[in-house]
Number of protein chains: 2
Amino acid sequence: MNSNDISMTDETAALRGDGIALWRRIGDALRREIADGTHRTGQRIPSEAALAGRFGVNRHTVRQAVAALAQDGLVRTEQGRGTIVTAKPIDYPIGPRTRFSEIVSKQARAPSGRLISASEAEADVEVAAALGLSRGDRVLRLETLSAADGVPLNVATSWFPADRLPGFVAHYAETGSITKALERCGIADYHRRETRVTARIANPEDALALKIEPGSPLIATESVNTDPDGRPIQYSLARFAADRVQIVVQS
Amino acid sequence: MNSNDISMTDETAALRGDGIALWRRIGDALRREIADGTHRTGQRIPSEAALAGRFGVNRHTVRQAVAALAQDGLVRTEQGRGTIVTAKPIDYPIGPRTRFSEIVSKQARAPSGRLISASEAEADVEVAAALGLSRGDRVLRLETLSAADGVPLNVATSWFPADRLPGFVAHYAETGSITKALERCGIADYHRRETRVTARIANPEDALALKIEPGSPLIATESVNTDPDGRPIQYSLARFAADRVQIVVQS
DNA sequence: CCGTATTTGTCCGTATGTATC
DNA sequence: CGATACATACGGACAAATACG
């Protein structure tokens, strides 16, 4: 019997006994506490020193437990700040009526959109093809950042036919919503025709905008929205932070 | 007037004049040639020196053009070997009837499937939930590699209810097709219920199996297939090489 | 801007139980 | 049975990032 047994708390005693490593039992205990809401998403869990005291173990043992949780994506550790419970990835269902703000609202989060930059230019080959325009036609190009509860979810580059949408940029800047901005331009409704999904590594700019590490995985989507008449109204290349969003396809 | 003008070919002359940089025009020219099949996927385009000669520009100008194409993923440059036209990612449409072999065949490629490993085990919580079983029920666990024209497209870990599929592993090993193996076990048809898509970085094992660099982006999908009665028959976690496959969602 | 406290990250080491040959 | 390797657990010291007054 060593000194640890003496300083052992009831909590630790209950965790000892069979052939499962201490760090794993502590990890599971923390896992349960995260699941049942003792530690809320976005909030810090107690410091390693505090947990070590509470479980009556060495700090390194707690570290191993926390590292296992981090490996599973339940928490993330930040030097100097603490260990924060990771927000679960948001479900992003894709269908004929894909609306960022509705998707986020339905999951009890506050959607927001911010204009990074906007410009008017001539359509290049790909944009013209996607929007059913001729090469050289005037298009609006918007760089936008969408977030849930203030956490960036995606950056998107979108193109719109300029002549059909007077004042669009101002409307978006004001409302932070593509849906609302289109509405103000007389497009009451629109539909998602097709979405292509691939994966990519975040470049420094996207990483900065999304507040993730450069080199993190992104979900890259290419999509076209059409007005009720089936005419393309928006062509988008969006980049989602892969650890915050999960695309859901229902069949 | 410099020496370039003297050696300028008709081709270059046609490219000059307005306010678009030379390298961009050369890049667009190459882009068209790749699009119209002059340079085929997987094949080398002419050397930088040859292109410089043909367009009557300095090699550095060609390099900038090629770099732009590489940035867009149309070509990849390999030191000492040349510039190779990147294989276009295969379209992988997801819908109620998602069949690997059909998808690949339709794009004029030869599908193949290979068993990496198989085992029988007890269902853990997640597998049991996905397949509608109880924890501890017997399940088959298959690790498979699917390819098109011999190029690996994805590795997948799939679980099946063991008691409903006698001889399944042998059937798959023989046919290299989940569809055919299920058929032989009396499941004539099946449907995709839901697919969740996210992105990830390839771990060393997946990278090895897919013959990509560790650290390359993967498209990770989680899906459930059901038999005609709606009972889950397959739960899969698949990892696609992101630069070879593009998920397509039609709405 | 500076110093201090807090917190995680990394390195050194020691001891012990367990699995394997 | 011994020899060996490996994971586990502990102890301590310092570095690095962050927060705060």
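Quick note on labels: first sequence line is chain A, next is B, and so on, each numbered from 1.
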[X] side-chain N/O to [N] phosphate OP1/OP2 under 4.0 Å:
X     : N     : answer
A/T83 : C/dT7 : no
A/T61 : D/dT8 : no
A/N58 : D/dA9 : no

Non-hydrogen atoms of A/R192 and A/G95 that approach each other most closely:
CB-O, 3.2 Å

Which heavy atom in A/L210 sits nearest to a heavy atom in A/A241, and how many Å separate them?
CD1-N, 4.2 Å

Can you pull the side chain to side chain donor-acceptor pair (under 3.5 Å) pairs that have at least one residue in residues 196-207 of chain A, sequence neighbours excluded?
A/E194-A/R196, A/R196-B/D91, A/R196-B/Q246, A/D206-A/R239

[X] [atom1] to [N] [atom2], straight-line distance once rounded to whole Å:
X     : N      : atom1 : atom2 : result
A/I45 : C/dT8  : CD1   : C1'   : 11 Å
A/I26 : D/dC10 : CD1   : C1'   : 12 Å
A/R81 : C/dA5  : CZ    : C1'   : 16 Å

CD/A/Q234 to OG/A/S223 distance, rounded to the nearest 0.5 angstrom?
6.5 Å

Could you run through nucleotides 10-18 of chain C and give me one letter per nucleotide, 5' to 3': B if any protein heavy atom sits under 4.0 Å from the base, S if only the sugar-phosphate is that close, - if neither?
BB-------

Identity of whatever pairs with C/dC1 - Watson-Crick or G-U, under 3.5 angstrom:
none

Give a yes/no verdict on a cation-pi contact between B/R184 and B/Y172, requiring under 6.0 Å between NZ or CZ and the six-membered ring centre and an angle within 45° of the axis.
no

Is there a side chain to side chain donor-acceptor pair (under 3.5 Å) between B/Y92 and B/T98? Walk through the geometry before answering.
CA-CA 9 Å; B/Y92 200 88; B/T98 299; over 6 Å; no

A/Q64, nearest nucleotide to its side chain (from D/dA16, C/dT7, D/dT8):
D/dT8

